[in-house]
Amino acid sequence: MADRNIPQISTGDMLRAAIAAGTRFGQQGQEIMASGQLVPDDIMLGIISERLVESDAADGFILDGFPRTKKQALDLEELLGSMEKPLDVAIHMDVDLNILMKRLTGRRTCSLTGKLLNIYFSSQEELDECVHSGGELIQREDDNEETISHRLDVYRQQTEPLIGFYRSRGKLKTVLAEGSVDDVYQRLLDVL
Ligand code: AMP
């Protein structure tokens with residue numbers, strides 16, 4: 001959340017950066033992610049524990065894409081307990097399945113600017129701007145229909161139960177994540 005100086009910690013972005021940098025995680029991780037499976041919980045705990053002690057996270061952070069399993073949620077609870085920084089809130093971004101499919105299958109990144117675009121939802125001007133300045137619209141390796149359908153199965157089996165988990169902890173807030181980015185952001189601020 002740039003306007004509040006709180007880092008957004010995306011485990012997916014961190015894993016992609018680790019692969020691009022050719023770290024030890026490298027090829028094994030790339031295969032797991034390209035197939036839409038989850039990276040093992042112990043690796044995720046290691047990554048998140050190292051990240052949360054960095055100085056920019058001292059006054060708070062937003063975790064994006066973590067936890068994704070019950071084990072990760074329990075690990076996180078223990079980790080934050082030991083840091084004396086208990087979780088404030090877990091946000092459930094609620095979105096219709098058809099819209100979600102378009103967000104994923106249509107997602108592109110401009111190779112020049114890194115800007116996130118969508119062939120269904122971005123304006124033609126925004127898409128043209130990238131291409132006309134010599135950029136390419138890149139699709140994530142795991143944003144094809146087959147892998148997406150696998151990712152959604154994994155979500156239903158392993159991640160969706162966390163809604164109940166955080167509800168039972170009294171931490172759950174649901175945000176309707178449909179409509180424009182600005183509208184969703186405003187709804188998010190309203191529940192925080
Ligand atoms: P994302 O960018 O959040 O959609 O994540 C992309 C992929 O990275 C996922 O499909 C998983 O393979 C892997 N990944 C990201 N976060 C996690 C996590 N918390 N636990 C396990 N795997 C993860």
Side-chain angles (χ1 to χ4, degrees), residues 1 6-54 57 61-80 87 89-97 99-111 114-121 137-166 169 171-172 175 177 181 184 188:
M1 209 176 270
I6 299 175
Q8 172 211 1
I9 299 177
S10 155
T11 44
D13 284 350
M14 291 171 76
L15 292 167
R16 279 183 289 276
I19 290 171
T23 62
R24 208 157 40 94
F25 173 70
Q27 196 162 3
Q28 184 204 3
Q30 185 161 21
E31 277 167 27
I32 294 175
M33 289 173 72
S35 70
Q37 298 182 78
L38 293 182
V39 172
D41 291 332
D42 54 337
I43 296 185
M44 295 314 302
L45 177 63
I47 290 176
I48 218 76
S49 332
E50 283 178 17
R51 180 64 184 86
L52 294 189
V53 294
E54 284 181 32
F61 42 80
I62 294 174
L63 297 174
D64 169 6
F66 182 93
R68 261 174 154 100
T69 66
K70 179 100 183 277
K71 172 81 170 73
Q72 291 180 13
L74 291 168
D75 285 345
L76 179 66
E77 201 166 53
E78 200 180 314
L79 178 68
L80 295 181
L87 197 73
V89 64
I91 310 275
H92 169 213
M93 305 293 272
D94 193 12
V95 57
D96 170 82
L97 185 64
I99 299 179
L100 186 65
M101 283 307 282
K102 281 189 155 180
R103 285 201 186 151
L104 296 173
T105 55
R107 177 162 56 186
R108 301 287 186 278
T109 306
C110 178
S111 60
K115 190 171 173 184
L116 210 52
L117 297 163
N118 189 294
I119 57 168
Y120 302 116
F121 301 119
L137 295 172
I138 309 278
Q139 187 170 27
R140 249 170 66 169
E141 203 181 356
D142 58 350
D143 273 347
N144 61 78
E145 280 199 34
E146 193 190 331
T147 308
I148 289 170
S149 118
H150 187 58
R151 284 162 60 198
L152 291 176
D153 285 344
V154 169
Y155 170 78
R156 282 186 204 99
Q157 284 164 20
Q158 305 204 52
T159 307
E160 203 170 29
L162 297 186
I163 296 174
F165 175 87
Y166 283 115
R169 296 285 200 269
K171 305 264 183 189
L172 188 77
V175 170
V181 172
V184 177
L188 176 64

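Numbering of ligands and ligand atoms starts at 1, following listing order. Fair warning: this is a prediction, and the values are worked out from it, not measured in the lab. Just so it is clear, the values below take in all heavy atoms, side chains as well, and ignore hydrogens, waters and symmetry mates.
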- Query: If you draw a 6.0 Å radius around NZ in Lys102, do more than 12 non-hydrogen atoms from other residues or ligands fall strictly inside?
  - Reply: no
- Message: Within the 4.5 Å heavy-atom criterion, are Leu45 and Leu76 side-chain neighbours or not?
- Response: no
- Item | Heavy-atom side-chain contact between Ile47 and Val39 under 4.5 Å | no
- Message: Give me the nearest non-hydrogen protein atom to atom 8 (O) of ligand 1 as residue plus atom name, then the distance to 0.1 Å.
- Response: Met33 CE, 3.2 Å
- Message: Suppose we measure from atom 9 (C) of ligand 1 to each protein heavy atom; which comes out shortest, and what is that distance?
- Response: Arg68 NH2, 3.9 Å
- When you look at CD of Gln139, are more than 12 heavy atoms from neighbouring residues, nucleotides or ligands closer to it than 6.0 Å? yes
- Run the numbers for me: atoms of ligand 1, each under 4.0 Å from some heavy atom of Arg151, listed by number. 4 (O)
- Item | Beyond-backbone contact of Thr147 with Ser35, side-chain heavy atoms, under 4.5 angstrom | no
- Please assess Ile48 against Gln72 for the test side-chain contact (heavy atoms from CB on, under 4.5 Å), listing each intermediate value before the final yes or no. CA-CA 10 Å; Ile48 218 76; Gln72 291 180 13; over 6 Å; no
- Item | Where ligand 1 meets Gln37 - atom numbers and elements under 4.0 angstrom, heavy-atom basis | 11 (C), 12 (O)
- Query: Against heavy atoms of Leu15, which atoms of ligand 1 measure under 4.0 Å?
  - Reply: 8 (O), 13 (C), 14 (N), 15 (C), 23 (C)
- Query: Any nitrogen or oxygen of Gln72, main chain or side chain, under 3.5 Å from a nitrogen or oxygen of ligand 1?
  - Reply: yes
- Closest approach of any protein heavy atom to atom 4 (O) of ligand 1, naming residue and atom: Arg140 NH2, 3.0 Å
- Note on the structure: In ligand 1, the atoms that come under 4.0 Å of a heavy atom of Arg16 are 2 (O), 6 (C)
- Message: Strictly distance-based, threshold 3.5 Å: is any side-chain N or O of Arg156 a donor or acceptor partner for the main-chain N or O of Arg151?
- Response: no
- Query: Should Thr69 and Thr159 count as side-chain neighbours, where that means a heavy-atom distance under 4.5 Å?
  - Reply: no
- Query: N/O to N/O below 3.5 Å, does that happen between Thr11 and ligand 1?
  - Reply: yes
- With only distance considered, is Pro67 within less than 3.5 Å of ligand 1 through an N or O on each side? no
- Query: Which residue and non-hydrogen atom of the protein lie closest to atom 22 (N) of ligand 1, and at what distance in Å?
  - Reply: Val39 N, 3.1 Å
